[in-house]
Participant: 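If you scroll down you'll find the structure; I have some questions about it.
Residue numbers begin at 1 in each chain, while the letters A, B, ... track the order of the sequences.
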Amino acid sequence: MRIITYRQALNEALDEEMARDERVFLLGEDIAIYGGAYGVTAGLWQKYGDQRVIDTPISENAIVGVALGAAITGMRPVAEIMYIDFIGLCMDQLNNQVAKIRYMFGGKCTVPLVIRTEGGAGRSLGAHHSQSLEAWLIHIPGIKVVMPSTPYDAKGLLKSAIRDDNPVVFIEHKMLYNTKGEVPEEEYLVPIGVADIKREGKDVTIVTYSRMVLFSLEAAEILEKEGISVEVVDLRTLLPMDIETVVKSVKKTNRVVIVEEDCKTGGTGAEIGMQIIENAFDYLDAPIIRVAGADVPMPKSPVLEKLAIPDVERICKAVKEVLK
Amino acid sequence: MEITKELAIKLLKQMMQIRQFEDMIMELLAKNIAEGGSHLYAGMEAVAVGAISVINPDDYITSTHRGHGHAIAKDGDLKALMAEILGKKTGVCKGKGGSLHLADLSKGNLGANGIVGGGIGIATGAGLSIKLQKQNKVVLCFFGDGATNNGIFFECLNMASLWKLPVVYICENNKYAMSVSVERSHAVKDLTKKALAFDMPAESVDGQDVLAVREVVGKWVNYARQGNGPSFIVANTYRYYGHSRSDPRVYRTREEEKFWRERDPIIIFSNKMKEMGILTEEEINLIEEEVRKEIEEAVDFAIKSPYPEPEELYTDLYV
């Protein structure tokens, strides 16, 4: 199968869906002439023009509000918020309008809206360009939250998100754009709300998502040489969470490590862990361990930044700990 | 602007519907039949009725936390609106929205809003949608004086002007953002000046005169429909009741309230219609009586309607 980058996979997903459905259009900061801060929309403005790929002013709240207005009146907008760190600027529109409008109106409207953004540390960009804020978002009923880890999943999930009649926040990871993987030439979709076993194993389950899937797979590789068999569950979608797949794995391994890049306190891992306890407590042979981001603003220094997020060594250590 | 008898009856009837609807809700709140909050539109009827009377059924509006008037003027069903305000299953939003979230997309009402300025994004997006779909529709975006101090107002008016979207932004300046007066909260007292920053045409209008509102809004609706872009209208008006049920109105004087009550939009219009020989006193009384019956029927319907089933808690969240 052909190998392409995560960035190219996302670009193909947008291109294919725009070609397929003329109601799909893109809006966001620097997405047209510039092609997106991380190049995901490169070439689309040249191909589809001003009416389909719209450069907006720096007005995040309006970007989301305008996308919502368009979504409930016949269009299928894909808005880009350049960094998830800027989501605070549009949290009112996202939380109070986008997520609630269908419910508040008694189901009498649909919101086919995608908000693409990217997050995560790794580029030494400091506290305003490196956050992992997915835990804020999974606390909002009415939206879906998707975080793909591979080019294959990125393309298939973005296409599904654009075809979904519900609002989807699609969070990419800045350190994954240049990663490569197999992506078929022919069309396919990856369903939202379905986790994926990225590696089978029998001793310990790692539950993770986004970039931490790659770190967890690396750790599993190392641990295998030491005779420890690790199963890596990639959630892919955080809301709704596919707890069934997680529970199935836990019932097999009886031990769980959660790996997440976001801050530990009140983080996504807390929700994952609690759902495991609610659904599979009797199958656990050891307390669940979290390997999570430090509860600090992301420091600039590359040395400190590395310490602020999980690494392969810490994941290996946690797996050994849970096996004690 | 020419006014036919048919139009006069429609305008007067809608204003009376809104007035009596609001007076009735005040009564229901006092009797604890209506629970929760409710922001009443009484006194401001000429703005919603005049503005919405110049657009088509398939044109859009967005409304505010004080949204009953807009919903009624946009061909809202009195029974379904009243039931919604009481949280009943038969409400226009199945009892899940309430006073702050009255909406009916089938009639182009994209919704009231519990967040001040919250509808401005939706209205602007609907304008973009119209432009992208090459439709000939327009959007009337209602909001209060307070909303023009909110960030989304500036973000959206800039975009609308930049992209020449068919949106008429209508600021209902009723002098107070809850308790804080325009004088105490706006650096610019003449709110039309705010449009200067966006190179957008702006005009103020007497919001107590339904015909004046029709004329001004009609002009800017045509301007938008012809592809010239958005405009900003400030309708000067006044709310009779307080901000909400618990408001003791300590921030304004009884004299001021009296002044505005003497500029009542229903009385102004009724007198004018009599002077012009379009409606008689008897005809006006008849309309008022007819509306009284409609409101009574709406309340009766709402009170007798069931609450939503418990199963409804989790429906309508996702498609």
Side-chain angles (χ1 to χ4, degrees), chain A residues 22-25 27 50-52 54-77 79 89-90 92-113 141-144 164-168 192-193 239-240, chain B residues 60 62 84 89 91-98 100-106 108 110-115 117-135 137 139 150-160 162-163 165 167 308 312 314-319:
Chain A
E22 62 178 20
R23 296 170 299 174
V24 177
F25 73 100
L27 74 165
D50 282 332
Q51 305 283 303
R52 304 280 307 275
I54 303 172
D55 266 335
T56 65
I58 300 181
S59 304
E60 288 81 6
N61 213 20
I63 291 170
V64 175
V66 163
L68 172 61
I72 64 170
T73 55
M75 300 298 287
R76 303 187 77 85
L89 291 157
C90 50
D92 170 58
Q93 286 294 316
L94 178 56
N95 176 50
N96 283 319
Q97 314 296 342
V98 169
K100 294 177 173 56
I101 197 166
R102 176 176 167 80
Y103 189 85
M104 293 189 301
F105 293 178
K108 290 180 184 168
C109 70
T110 54
V111 186
L113 162 60
I143 60 171
K144 296 182 179 182
D164 203 300
D165 279 335
N166 299 290
V168 179
I192 291 173
L239 185 66
Chain B
Y60 298 118
T62 61
E84 185 60 37
K89 183 183 174 177
V92 68
C93 300
K94 294 162 71 177
K96 289 180 172 175
L100 287 168
H101 306 290
L102 297 177
D104 190 348
L105 271 73
S106 68
L110 304 181
N113 218 296
I115 307 294
I120 302 177
I122 295 169
T124 307
L128 178 62
S129 188
I130 289 166
K131 190 183 172 193
L132 294 177
Q133 293 176 78
K134 300 184 172 60
Q135 296 168 332
K137 299 182 190 178
V139 187
N150 201 289
I152 195 150
F153 168 82
F154 294 91
E155 293 188 8
C156 285
L157 266 70
N158 177 57
M159 276 188 192
L162 181 69
W163 297 337
L165 303 182
V167 185
E312 284 288 321
Y314 287 106
T315 61
D316 303 321
L317 186 57
Y318 294 99
V319 175

Participant: Could you state the interatomic distance from CD1 (A/I72) to OG (B/S129), rounded to the nearest 0.5 Å?
Facilitator: 9.0 Å
Participant: Relative to chain A, which of B/H101, B/E84, B/K137, B/Q135 shows the most heavy atom pairs under 4.5 Å?
Facilitator: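 Among the listed options, the one with the most contacts to chain A is B/H101.
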Participant: How long is the span from the CD atom in A/E22 to the CD atom in B/Q133, to the nearest 0.5 Å?
Facilitator: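 Reported value, rounded in 0.5 Å steps: 9.0 Å.
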Participant: Of all of B/G119, B/G97, B/A126, which one pairs up most often with chain A through heavy atoms under 4.5 Å apart?
Facilitator: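 Going by pairs under 4.5 Å, I would pick B/A126.
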Participant: Could you check which of A/R102, A/M75, A/R52 has the highest count of heavy-atom pairs closer than 4.5 Å to chain B?
Facilitator: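 Option with the greatest count: A/R102.
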Participant: Looking only at heavy atoms, which two atoms of B/G118 and A/Q97 are closest? And how far apart?
Facilitator: CA-NE2, 3.6 Å
Participant: To the closest 0.5 Å, what do you measure between CG (A/L27) and CG (B/L132)?
Facilitator: 9.5 Å
Participant: Please report the closest heavy-atom contact between A/T56 and B/M159, naming both atoms and the distance.
Facilitator: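 Result for this residue pair: CB-CE, 4.1 Å.
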Participant: Heavy-atom cut-off 4.5 Å, strictly under: side chain, backbone, both or neither for B/L317 against chain A?
Facilitator: both
Participant: Let me know if B/L162 has heavy atoms under 4.5 Å from chain A in its side chain, its backbone, both or neither.
Facilitator: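 For B/L162, side-chain heavy atoms alone lie under 4.5 Å from chain A.
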Participant: At a 4.5 Å cut-off on heavy atoms, which part of B/F154 comes close to chain A: side chain, backbone, both, or neither?
Facilitator: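 Neither part.
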Participant: Out of B/L100, B/T62, B/I115, which one racks up the most heavy-atom pairs below 4.5 Å with chain A?
Facilitator: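 Between B/L100, B/T62, B/I115, the count favours B/I115.
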Participant: Between OH of B/Y318 and CG of A/L239, what distance do you get to the nearest 0.5 Å?
Facilitator: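 Between B/Y318 OH and A/L239 CG, I get 4.0 Å after rounding to 0.5 Å.
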Participant: With respect to chain B, which residue among A/P77, A/P141, A/C90 yields the maximal number of heavy-atom pairs within a distance under 4.5 Å?
Facilitator: A/P141
Participant: Under a 4.5 Å cutoff for heavy-atom pairs, which residue among A/I101, A/D164, A/I54 has the most contacts with chain B?
Facilitator: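 Top count of heavy-atom pairs under 4.5 Å with chain B: A/I54.
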Participant: From B/D104 CG over to A/F105 CZ, what is the distance, rounded to the nearest 0.5 angstrom?
Facilitator: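 Reported value, rounded in 0.5 Å steps: 10.0 Å.
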Participant: Which heavy atom of A/Y103 sits nearest a heavy atom of B/T315, and at what distance?
Facilitator: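 That closest heavy-atom pairing would be CE1-O, 3.2 Å.
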Participant: Please classify the contact of B/E312 with chain A as side chain, backbone, both or neither, using a heavy-atom distance under 4.5 Å.
Facilitator: backbone
Participant: Heavy-atom pairs under 4.5 Å with chain A: which of B/L128, B/I152, B/V139, B/L102 has the most?
Facilitator: B/I152
Participant: Other residues, nucleotides and ligands only: do more than 12 of their heavy atoms fall within 6.0 Å of CD1 on A/I58?
Facilitator: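 At most 12 heavy atoms, drawn from other residues, nucleotides or ligands, come within 6.0 Å of this atom.
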Participant: Check B/N158 against A/P57 and note the closest heavy-atom contact, atom names and distance.
Facilitator: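 Nearest pair, atom of B/N158 first, then A/P57: ND2-CG, 3.5 Å.
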Participant: Minimum heavy-atom separation for A/C109 to B/L105, with atom names?
Facilitator: CB-CD2, 3.4 Å
Participant: Any donor-acceptor pair under 3.5 Å linking the side chain of A/K108 with the backbone of B/V92?
Facilitator: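 Yes, A/K108 side chain to B/V92 backbone: donor-acceptor pair under 3.5 Å.
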Participant: Nearest 0.5 Å, what's the CD1-CD distance between B/I120 and A/Q93?
Facilitator: 9.5 Å
Participant: Check each atom of A/N61 against the heavy atoms of chain B and say whether the ones under 4.5 Å are side chain, backbone, both or neither.
Facilitator: both
